[in-house]
Amino acid sequence: MKFLKDKILEFRPQFEKGGKYEKFHTVFDGFSTFLFTPDHVTHGGTHIKAGIDLKRTMFFVVIAMVPALLFGMYNVGHQHFISNGEFLGYGEGLIDKLIYGAIKVLPVVVVSYGVGLGIEFFIASKKGHAINEGFLVSGLLIPLVMPPAIPLWMVAVATAFAVIFAKEVFGGTGMNILNVALTARVFLFFAYPTFMSGDTVWIAEKADAYSGATALANSIAGSPGYSISDMMLGFIPGSVGETSKIAILIGAAFLVITGIGSWKIMLSVLMGAAFMGLVFNGLALNEFMQVPFYYHFLMGGLVFGAVFMATDPVTAAQTERGKWYYGFLIGLMAVMIRVFNPAYPEGIMLAILFGNVMAPLIDYFVVQANIKRRRLVRA
Amino acid sequence: MSKTIKLKKGYDIKLVGEAQQQVVAAVMPKTFAIKPQEFRHTKFKVVVEVGTEVKAGTPLMFDKAHPELQITSPVSGEVVEVRRGDKRVLEAIVILADGKTEYVDFGAASPNQLSADDIKSKLLASGAWAFLRQRPYNVLANPNELPKSIFISGFDTAPLAPAVDFALAGEAAAFQAGIDAIKKMTGVNIHLNLHSSKSKSEVLTQAKNVTINKIEGMHPAGNVGVQIHHLDAIKKGERVWHIHPCDVVIIGRLFLTGKLDMTRVIAATGSEFEKPQYYKTIVGAQLASVIEGNVKAGKVRIITGNVLTGTQASAEGFLGFYDQQITAIPEGDDLEFLGWLVPSYPRPDISKSFLSGWFKNRSYKANTNMHGEERAFVVTGQYEQVLPMDILPTFLLKSIIYKDIEEMEELGIYEIAEEDMALCEFVCTSKIPVQKIIREGLDLMYQEEQ
């Protein structure tokens with residue numbers, strides 16, 4: 001490492017203002033600060049700083065997504081083979097399934113990171129500011145919320161749209177209103193609906209005879225059509241990362257234990273969904289309403305959204321009390337959209353985007369309550 | 001009416017280099033200095049020049065807005081420098097000590113036999129008034145106003161802070177005389193706040209003429225700002241004064257002996273002191289007297305004050321007017337391979353993503369590395385963990401950044417000083433300069449009020 005460190009210190013001046021490669025400062029800075037935490041020391045303010053920084057925070061979220069990603073790759077293969085009547089057992093053809101899934105999923109990851117980081121680097125060097133770490137997370141979230149059969153060019157277009165219009169126009173990481181990865185998904189959903197819904201997209205290269213309908217689509221008729229254990233473990237068709245609740249919960253536990261993700265939001269989303277599910281169970285006006293409320297956790301991307309997307313601190317409510325309202329609202333809306341909009345049964349995506357838009361309003365009320373309390377106590 | 005306050009939020013940063021409880025008389029430094037920059041928002045007129053002979057208690061400068069408010073010399077000797085910086089900003093008045101320390105005689109008298117006005121003029125004439133500070137803004141107390149209450153924090157929760165109990169040992173008479181003087185002069189309630197389990201000194205627990213409150217909690221529970229918030233919150237236009245217990249002793253001595261004796265026990269702390277211990281020295285002393293021969297080799301940062309709120313200094317620097325502590329920690333100007341992911345040495349943090357977040361009782365050797373780069377606000381809920389006040393820190397900071405005065409008022413800027421939110425700056429993932437922003441907000445509010 002000494003060699004690398006010396007090289008960085010040797011070349012650094014050339015990338016600084018007035019240096020030979022001044023133009024590439026952002027790129028150099030991006031890579032060198034990734035390899036080595038910079039030698040910057042405190043000036044004014046506190047003389048010591050905690051060890052945590054945005055790189056670590058974002059990278060921990062990436063680590064938390066790895067179980068869902070690995071299982072997702074397996075499941076893409078698994079679904080493909082069983083649709084063709086091959087390797088019907090979970091453990092059969094494990095290697096084939098993983099390799100097939102990797103061939104389908106990894107290119108999406110590469111395209112998502114490539115396009116997103118490319119744009120980030122370009123804009124950062126134009127504006128002359130440092131590369132922000134936010135896209136480390138968005139770049140992996142995007143592949144995980146895509147259907148396995150998504151064409152790569154769509155991933156590229158959606159990523160570019162999301163990074164530019166959901167993030168950079170607002171000023172970059174920390175300034176955006178909508179979750180970047182969800183913006184990419186919602187863009188595809190409205191621009192190319194046939195690639196984002198229906199029975200054909202959830203299994204890569206599905207055999208025509210095989211149904212391939214998701215649990216949510218089946219539920220319109222009153223039953224998800226998959227066993228509870230299959231839905232819990234994730235052996236069902238769906239977006240790459242959303243199917244295994246176990247893999248997602250492993251990630252959730254990691255986020256909560258390390259304090260990186262807000263348990264308040266995760267819990268309140270689930271509470272909101274359970275509440276709405278129970279209300280519907282009570283009303284029981286159509287078949288979907290009669291689906292037991294806990295099935296909502298097992299179907300679709302509700303848990304994935306609650307753990308990895310609703311908890312995005314930039315687009316969530318920023319007050320501690322507001323986080324409860326925000327999460328509850330998302331859970332409630334997600335189940336409501338699922339049940340009332342059978343044309344597109346997955347509601348968590350739109351519910352989180354709705355929550356993102358409402359978050360500043362929620363915060364506004366929490367702040368006003370604080371102000372009112374101060375007036376009363378101090379009066 | 002005495003109260004007990006339990007604070008759950010906060011964080012005690014435990015560092016290596018706590019001062020051993022032994023007092024060493026510091027070598028009498030050759031030079032002393034008063035640094036006018038320490039008294040924020042006060043414009044001074046200097047009344048001495050190079051060559052003026054002074055005694056301990058001789059006026060060096062006075063506040064242009066309140067000419068009766070003087071800052072006086074801590075020792076006897078000769079003024080050798082009136083140091084000015086950019087735009088002729090007054091930086092320091094340096095005095096070459098004669099080693100004898102002659103005092104101006106202000107006359108010994110029991111505060112109980114003096115009138116409020118006599119006490120006030122004695123404090124102003126001797127310069128001891130300057131130990132009284134005012135919230136909001138953390139500035140010198142205005143002699144033309146009366147506060148609604150006065151706060152004394154009897155314990156310090158800052159990293160490696162000196163034990164107030166220890167520094168006050170044997171000063172019971174002077175401490176009580178100081179309290180009596182302030183009480184007689186103002187007539188308002190004096191809150192003496194003690195830690196519910198750690199404050200044991202009888203100097204504090206047996207003090208009279210005060211309301212003793214018990215506070216339980218981690219840093220910043222020892223800050224007067226937090227205590228005022230919970231005991232007698234400030235609203236617009238109100239004033240609360242505060243003073244450090246060791247400075248109450250200096251005021252007490254003034255009445256017991258008639259001399260302004262600014263002798264103080266300070267703690268030399270931090271991992272880079274060979275022997276972290278307490279020193280008996282005088283306000284304004286040149287730091288070399290404490291540092292020389294006691295600081296380890298290598299790149300070391302000397303700080304007057306603590307690691308959260310202190311000021312960077314060198315051996316040629318001087319102990320500040322309000323400083324009770326000097327800290328020496330290693331500089332951290334080194335690249336660290338994947339330091340953000342796999343730290344090569346343990347560092348203090350509240351984040352549970354580090355082992356240190358789980359082992360809060362371990363002492364760490366912290367250095368001055370930023371451990372990352374400044375970013376926009378991203379992570380939420382961090383500041384709230386270390387601010388035991390009913391204040392929304394992020395929203396207050398944002399209102400300051402976009403200079404919305406009304407919102408700053410509503411969100412509680414009057415109740416905050418930089419030091420109260422120093423921990424927020426320490427824990428911040430985005431490395432936001434919280435204290436700087438708070439100071440800008442306070443400066444803006446102060447100017448609005450003038």
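Below, chain A is the first sequence line, B the second, and so on; all start at residue 1.
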Exercise: do K55(A) and T33(A) side chains pair donor with acceptor under 3.5 Å: yes
Parallel, tilted or perpendicular: ring planes of Y11(B) versus F426(B), cut at 30 and 60 degrees: parallel
Ring-face cation contact, Y414(B) with R239(B), 6.0 Å cut, 45° max: no
Contact origin within K323(A) toward chain B - heavy atom pairs under 4.5 Å: side chain
Residue part contacting chain A, namely of E384(B), when any heavy atom lies under 4.5 Å: side chain
Residue I257(A) versus chain B: region with a heavy atom under 4.5 Å: both
Contact class of F377(B) relative to chain A, heavy atoms under 4.5 angstrom: backbone
Leading residue by heavy atom contact count with chain B [cutoff under 4.5 Å; candidates G174(A), G259(A), G51(A)]: G51(A)
Per-residue contact mode, D6(A) against chain B (heavy atom under 4.5 angstrom): neither
Chain B contact via F254(A) - side chain, backbone, both or neither, heavy atoms under 4.5 Å: neither
Contacting region of I350(B) [heavy-atom separation from chain A under 4.5 Å]: neither
Under 4.5 Å from a heavy atom of chain A, the part of D232(B) involved: neither
Winner by heavy-atom pair count (cut-off under 4.5 Å) against chain A, out of K236(B), K436(B), E410(B), K431(B): E410(B)
Donor + acceptor pair across side chains of R375(B), N132(A) (<3.5 Å): yes
